[in-house]
Amino acid sequence: MDDQIRDPAEEIKGLQRCINDLVSVLALPAAWSGGEPSQIVHSLSDALQRLLELDLVYVRLKDAADGAAIEMVRLAPTWERGPRPQEIGSLLQPWLREDPQNGPTVLQDSFGSESISLVPLRLGLHAEFGLMVAGSRRAGFPGETEKLVLSIAANQGALGLEEARLRSEQKRVADELDKRVARRTRELAEANEELRKEIAERELAEERLRQEDRELKSSEAHKAAILNSSLDCVIAIDHEGRITEFNLAAERTFGYRRDEVVGKYLADVIIPPSLRERHRDGFARYLDTGEARVLGRRVEMTARCADGREIPVELAITRIPQDGPPSFTGYLRDITELKRNDNALREAHAQVARSEERWRSVFENSAVGIALTDLNGRFIATNPVYQKMLGYTGEELQGLSVLEITHEDHLEANRALIEELLAGRRRDFQMEKRYRRKNGSLVWVRNNVSIVPGTGGMPQFLMGIVENIAERKQAEDDLHAAINERTRLSAVRAEIGMALARKGSLREVLGACAEALVQHLDAAFARIWTLSSDGTELELQASAGMYTRLSGGYSRIPVGKFKIGYIAEARKPYLSNDLQNDPRIKDKDWARAEKMTSFVGYPLLVEGRAVGVMGMFSQKPIPGSALDTLSFLSDGVAQDIERRRAEEELRRSEAFLVEAQRLGQIGSFSWRVATDEIKWSQQLYRIYDLEIGVPVTFELIRTRVHPEDLTLYEKMVDQARNGGNDFEWQYRLMMPDHSIKCLHAIAHAATDQDGHLEYIAAIQDVTARRLSEEALDKARSELAYVARATSLGVLTASIAHEVNQPLSGIVTNASTCLRMLSADPPNVDGARETARRTIRDGNRASDVISRLRTLYSRKGPAPESVDLNDATREVISLSLSEFQRDRVILRLELADDLPLIVGDRVQLQQVILNLIRNAADAMSTVEDRPRELLIRTERDEGDRVRLSVKDAGVGFKPQAAERLFEAFYTTKGDGMGMGLSVSRSIIEAHQGRLWATENDGPGATFSFSIPCRTDTKV
Amino acid sequence: MSCSQETADSLQNRYQGLIDNRSGLPHFGAMGFLQETASIDRPLVAVVDDDESVRESLPDLLGELGFAACTFSSAEAFLSSDLVGKTRCALLDIAMPGMSGLDLQRELRLRGQKIPVIFITAQRDEAKWARAMDQGAVQILLKPFSDTALLEALNEAVRRAE
């Protein structure tokens, strides 16, 4: 839809005008029939200038015969200031040198002062008839419809010119042919006349000769006279071949004198050397056998003259009737002249034959069909093209007449034209008509029929030159169909355009589109579906025609299901004109009952993405061109659906953004550095607790920034002013009620349209997050406590064991002591011993309890100087019984010179306990090797202290190395997965590092390293 | 472990010595001095506990209560000694490295030794206690326990054995 949608009334008026113009243009060829090219061009230019109010029409025709161009210029009456007509050709020349591309393109050119839009048009597919240029000074020329009119006019012009050219060509060929035949015939007639004359002369001469001969015979005395008066040469020879007589004529002809040759052998005198042998042989044969090959016959031969010339002679030899050895008389005549005439005649015959050959060749090889008929239209001869065109053989045609194979519709007109021809009222006629082929099909032809006058007794006949114009007719039909289609299309386009331009819901708009499809495309009903937002379903949005309900079975169609779903999935149109047998149609009974035969569906695509499907059903076959129409319309509809969706989406996302900013406590601002123009979002006003809309200045902002952060704030502003980089910082606000807000700002440096630095920033109120981070810290330490409590809880059993063992000893010893003392006599030594043991065990129990108290005491992190060796020993002493129970062999390698570290003793012990417990657990299933546990302390590089716990347990997989420290990661069946996670956070709080490595042998080593001096906040 | 093995061995040596040199009956305390109230009827109680203070203090009390006692630091040490057949009652710790008290109780039953078993434990573990009682334990004493509680359990054990 490249046309701007104008006022629909105007649009329709424009289209109306366009159709009128097209009708005018299409009517032109009727006026041209039989006209000359120049007439065609004149009337075409006139019509175009008038219809389209052109300022300039320029036509340059190529003349087919000699290639010379004919130029023609039409100018509007208002063309005064422009160049003169004769200049226009040369002005356009450089511009036209490049062959205009297929179809009209518009070129701006300026003639003099005024600008003119020029449209070059080809006449003929390859501009074989020339070029036409239409020009107008009107703005907006050429419009779409004008382009259409121009291109059709050019097309019509080309057709007219083609016809004119063909016609003149045919006429020329026929004239030329006539002329040649007439000339040849005349020449032949002349030659014949001469021949007749000569033959008559000869007959006369022979008669005279015979007369004289007769007279000679009657008188011997006349012999010599006769001989000498003979026009023929008379030579007599004796039986040896010697010349006995040589008359006057012979003397004249051969140039010998009688007395020179008498007595010589004939062979040596007038027989050319090449023939002498044959002569002697023939002569000898005759003498021997009496067989004569030349005797008594007229033969032609070559004779030799005295000067060596060889001339054709006619020879008749007779044997002289006398007794004794035979003698002969030869009569010779120089037939050079006769021969010459003979050759001329032959040549004339040959030329006629050649001419006929040429004609035959034209006839046989012509690209057009040629038929010769008698005056009744009965075929005499047809050429192969003609036969092929009609599907008959030449023989078959000879039994038929032209009228028998002509379509009934044309019979009357055809007969009338032939009658005019026969009556001499016209020499030829053209008509376009349909022939019926042998197989019954019809073929459109253009027939040029002329009457050929008979010559020399030849009867008159008709010659038809026939051209197959089926393609041209088809093209014309197509053109008409295209114009109809286009008109129809324009109407639908206009209507759908209006529908789309209308305000309203998507359903209303699509409903109007469906309505337009039904009205203009002859649909029984039309529907439009759109793709659901998740892309899985098609939702029926519009239905017009027979069905208008939007609910029901087809209101939601899964993509890929039924034909509609397939169209959306394949993104390809689908056309079926045999619905009742179409496998994609579910309800064939319905199709049959409703006489529904056809369906066409077109995907609605935006950038190759399906957004919906448009489809229509019809009770008539839908032509393929309907697909083009739908294709055309679908773009507009698809774009509209997409646009409406996008608008909806935009509205929603804008609303989302506002809401998100409100919810996320995110404000935004822009700051043009050059002008200090600052714009705030509403949310930012809320964050700063300022009245929305007050002009924002740095002074105003300063009043809110927390005094402690002012310096930082000003530094940031200065940097931003000079830097032009993205930046990010956190600062605090002090509100009028002295509450504190923490803000996090992220600014993006950009350049505005004028190239000035501009920051676009988002500011988030992170007060709540800060608070929650603090809360999180607290929770984390709670968690550490819980984890500690948990792991200690796991230890409770062994701790109880640890405490109860000495208690058990105390109670037992005290009981024993009492019993020993109350015995008779009292066993004082025994009692003393048991009392001593009681005290010892009591102290042991006390130690255990004080260690547990330290471990259990839940106090905040308390940095103090810690001897890592001592702390380690304490932990080990609490775990010894467990080691013993788990058969763990403990090795200690504690460095003597270990510096003190600053940290939380209990937390660090918690870590050590964790590592040791993990190590022991890792070895609980090990049976094939000692369960050796090595605890080592040492100095580490960079004034650090390192503790490592190495076990010989199951180890860990390399990929688990980092995951080990994640919370709730555990490989133990009964573990919580908190130990290592908490341990790492404790060590990191000491600015240290906790890590795990695999041993070269079995097991793993867990180590931590802590700086000796930390200014940590633990 | 070796330490408790030594204890068991030395006790056995002393026991042999006593039989040879004195009444021929086992009568001795952990401390090695002879009890005045010793009689040849004193039933032998085996104490199996990995805790040294128990092995140290219990034999004296058992002696005061009229029993003969021998101590072992592990179940394995007890099983490998030749006193199993002579033991009239076993005082077993539940949680011990290696074979636990419960394991030992089951092992004794499997060997056809119907020695009454009293468990002494520092850990309150209801599940293990239930198992111990199911396996026929006489009593479970939570450390620290009183001399009377011990005596009651021992009397019950002796009564069962008869």
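In the text below, chain A, chain B and the rest are named by the order of the sequence lines, each starting its count at 1.
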List for me each residue that meets side chain to side chain contact (heavy atoms under 4.5 Å, CB included) alongside B:L142, sequence neighbours excluded, and say none if there are none.
B:T121, B:R124, B:W129
Tell me which donor-acceptor pairs under 3.5 Å the side chains of residues 998-1005 of chain A have, and how far apart each pair is, sequence neighbours excluded?
from	atom 1	to	atom 2	distance (Å)
A:N999	OD1	A:T1005	N	3.4
A:N999	OD1	A:T1005	OG1	2.5
A:N999	ND2	A:D951	O	2.9
A:N999	ND2	A:P1002	O	3.1
A:N999	ND2	A:G1003	O	3.4

Any side-chain donor near an acceptor of the partner, B:Q139 and B:E156, under 3.5 Å:
no
Look up atom CD in A:E932 and atom NZ in A:K950, then write down how far apart they are to the nearest 0.5 Å.
7.5 Å
B:L65, part contacting chain A, at a heavy-atom distance under 4.5 Å:
side chain
Heavy-atom cut-off 4.5 Å, strictly under: side chain, backbone, both or neither for A:D841 against chain B?
side chain
Using only heavy-atom distances, determine whether the side chains of A:S846 and A:N843 contain a donor-acceptor pair under 3.5 Å.
no
Side chain to side chain contact (heavy atoms under 4.5 Å, CB included) partners of A:A835, counting only residues at least two apart
A:C817
Who among A:T838, A:T816, A:I810, A:V811 has the most heavy-atom pairs with chain B under 4.5 Å?
A:T816
Counting heavy-atom pairs under 4.5 angstrom with chain B, the leader among A:D829, A:N813, A:T834 is A:N813
If you apply the rule side-chain contact (heavy atoms from CB on, under 4.5 Å), what do you find for B:L91 with B:F119, and how did you get there?
CA-CA 6 Å; B:L91 279 177; B:F119 285 107; over 6 Å; no
Using only non-hydrogen atoms and a strict under-4.5 angstrom cutoff, which residues of residues 888-895 of chain A touch chain B?
none
From CA spacing to verdict: side-chain contact (heavy atoms from CB on, under 4.5 Å), B:I115, B:R88
CA-CA 6 Å; B:I115 304 171; B:R88 304 282 296 282; over 6 Å; no
